[in-house]
Amino acid sequence: MRHPSPINTGSSRLDLCPTGLDPARMPSHIAVIMDGNGRWAKAKGLPRIMGHRAGVEALKRTLRLCNDWGIGALTVYAFSTENWSRPGDEVNFLMALFERVLQRELEALQLEQVRIRFLGDLQALPERLQDLIAEATELTSRNSGIHFNVCTNYGGRRELVLAARKLAESAAKGELDPSLIDENVFAAKLFTASEVDPDLLIRTSGEMRVSNFLLWQLAYAEIHICDVLWPDFDATALREALADYQTRSRRFGGLDPINTDYIDP
Ligand code: FPP
């Protein structure tokens with residue numbers, strides 16, 4: 001699968017990398033479960049929706065940092081298939097917020113060469129939001145910068161079921177030999193088709209769950225959980241996540257090539 005290229009082509013990765021981090025060991029793709037907006041608001045005696053508003057600012061900050069630090073792709077969990085069960089007012093607020101943010105930020109995304117995509121079952125979203133999503137996706141589709149994927153009405157299990165259904169339909173029509181279905185063929189039917197898998201999953205607010213997020217794609221991701229509530233996520237928190245990532249030995253089920261002396265000859 002293609003590796004997205006960082007923007008700022010005038011600079012090398014070394015210039016972009018924050019001090020203390022190894023530019024050769026930066027993740028290509030970061031996935032984030034942005035958790036804790038409600039608790040952030042509650043702690044300040046504010047309504048939950050203020051937490052979501054502050055969450056947008058944290059997201060803009062994080063996208064800019066990832067872009068500046070040469071990360072190729074950022075995928076965030078904005079609204080899950082389960083989030084419809086929240087109170088109607090909160091759901092309506094979130095849908096209106098997505099619309100407003102998309103409208104307001106489209107020009108900046110374009111200027112910064114961000115390529116935005118929305119991943120999920122988009123047909124269930126309000127029509128106006130669907131139109132804005134289609135416009136933003138098309139407008140930024142040829143941009144050379146960071147791939148910014150916003151998972152909206154997204155559920156990992158639903159994504160897998162939809163992929164299986166597409167393959168079964170092709171097989172039933174005689175267009176696909178079932179024996180040819182392998183991991184690459186399957187991955188090509190996911191919402192994330194053509195994106196590299198995330199190297200690093202960050203979850204804020206101390207929760208230690210995957211919550212139906214990118215179930216296939218996170219197979220070999222390193223997981224970083226931090227106590228920071230999403231609206232407070234900043235450069236320090238991102239740097240800490242990256243430093244933690246760089247301490248990991250990624251073996252993908254194999255052995256650490258520089259530390260195999262514990263095996264008897
Ligand atoms: C989780 O916190 C956060 C969400 C369900 C919404 C996240 C959405 C944004 C940050 C806005 C993104 C906007 C765009 C345009 C992409 P929570 O409400 O579950 O917090 P809690 O666990 O403390 O209750």
Side-chain angles (χ1 to χ4, degrees), residues 30-67 73-110 112 114-122 124-126 128-137 139-140 146-156 191-192 201-214 225-234 237-238:
I30 299 179
V32 185
I33 302 180
M34 310 179 286
D35 200 7
N37 292 352
R39 275 163 284 168
W40 180 91
K42 191 173 175 204
K44 291 185 156 31
L46 298 169
R48 288 178 59 80
I49 58 169
M50 297 303 284
H52 296 315
R53 256 195 205 144
V56 171
E57 295 311 308
L59 181 54
K60 282 160 60 180
R61 216 159 42 225
T62 305
L63 178 62
R64 196 162 299 127
L65 287 166
C66 286
N67 216 346
L74 175 70
T75 300
V76 298
Y77 208 2
F79 193 87
S80 74
T81 45
E82 291 73 32
N83 285 152
W84 295 108
S85 67
R86 293 187 174 207
D89 282 356
E90 183 170 339
V91 170
N92 292 339
F93 176 85
L94 280 169
M95 293 300 145
L97 184 69
F98 297 156
E99 279 184 26
R100 248 194 339 265
V101 172
L102 251 189
Q103 265 174 328
R104 214 171 42 204
E105 301 300 329
L106 190 52
E107 207 179 313
L109 291 174
Q110 187 64 355
E112 292 176 33
V114 173
R115 195 206 69 173
I116 191 169
R117 282 199 302 167
F118 284 75
L119 312 183
D121 188 354
L122 305 181
L125 300 176
R128 201 175 141 57
L129 178 55
Q130 288 187 47
D131 291 346
L132 282 169
I133 287 174
E135 187 194 339
T137 308
L139 188 72
T140 65
I146 190 168
H147 293 183
F148 178 38
N149 303 311
V150 184
C151 293
T152 313
N153 193 25
Y154 174 89
F191 297 131
T192 48
L201 169 70
I202 299 173
R203 182 163 189 160
T204 55
S205 90
E207 303 291 347
M208 301 200 190
R209 287 185 294 278
V210 175
S211 296
N212 203 14
F213 188 44
L214 301 176
I225 311 271
C226 62
D227 287 332
V228 175
L229 302 175
W230 176 249
D232 290 329
F233 195 82
D234 59 5
L238 181 59

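Just so you know, ligand 1 is whichever comes first in the structure, and atom 1 is the first atom listed for that ligand. This structure is a prediction, so every number in the text was calculated from the model and none was measured.
- Per-residue contacts place V150 under 4.0 angstrom from the following atoms of ligand 1 (heavy atoms of the residue considered): 16 (C).
- Put simply, part of R86 is less than 4.0 Å from ligand 1, judged by heavy atoms.
- Protein heavy atom closest to atom 24 (O) of ligand 1, with residue, atom name and distance, is R48 NH1, 3.0 Å.
- With a 4.0 Å cut-off on non-hydrogen atoms, E207 does not touch ligand 1 at all.
- Side-chain atoms of T152 never come within 3.5 Å of backbone atoms of F79 as a donor-acceptor pair (strictly under, hydrogens ignored).
- Of the options L229, V56, L129, N83, the smallest heavy-atom separation from atom 11 (C) of ligand 1 is shown by V56.
- Not a single donor-acceptor pair under 3.5 Å links the side chain of S85 to the backbone N or O of N83.
- Ligand-side atoms of ligand 1 in range of V101: 15 (C), range being under 4.0 angstrom from any heavy atom.
- Contact annotation: the side chain of L229 never approaches that of T204 to less than 4.5 Å [non-hydrogen atoms, C-beta and beyond].
- Of the options G51, A136, A78, A41, the smallest heavy-atom separation from atom 7 (C) of ligand 1 is shown by A78.
- E107 CD: 12 or fewer foreign heavy atoms inside a 6.0 Å radius.
- Side chains of F118 and N153 form no contact here, defined as non-hydrogen atoms less than 4.5 Å apart.
- In this structure, D227 places its CG atom where only 12 or fewer heavy-atom neighbours from other residues, nucleotides or ligands lie under 6.0 Å away.
- By the 4.0 Å heavy-atom criterion, E105 is excluded from the residues contacting ligand 1.
- Residue nearest to atom 10 (C) of ligand 1, selected from L59, L102, L94, N37: N37 (by heavy-atom distance).
- When side chains are defined from C-beta on, F213 counts as touching T75, because their heavy atoms get closer than 4.5 Å.
- Per-residue contacts place R39 under 4.0 angstrom from the following atoms of ligand 1 (heavy atoms of the residue considered): 21 (P), 22 (O), 23 (O).
- Here is the list of ligand 1 atoms found below 4.0 Å of a heavy atom in G55: 10 (C).
- Counting only distance, with no hydrogens or angles, the side chain of Y77 and the backbone of V150 share no donor-acceptor pair below 3.5 Å.
- At the shortest separation from atom 1 (C) of ligand 1 among protein heavy atoms lies M34 O, 3.1 Å.
- Nearest-heavy-atom check against atom 12 (C) of ligand 1 across F98, W40, F233 picks out F98.
- Side-chain atoms of R203 and S211 include a donor-acceptor pair closer than 3.5 Å.
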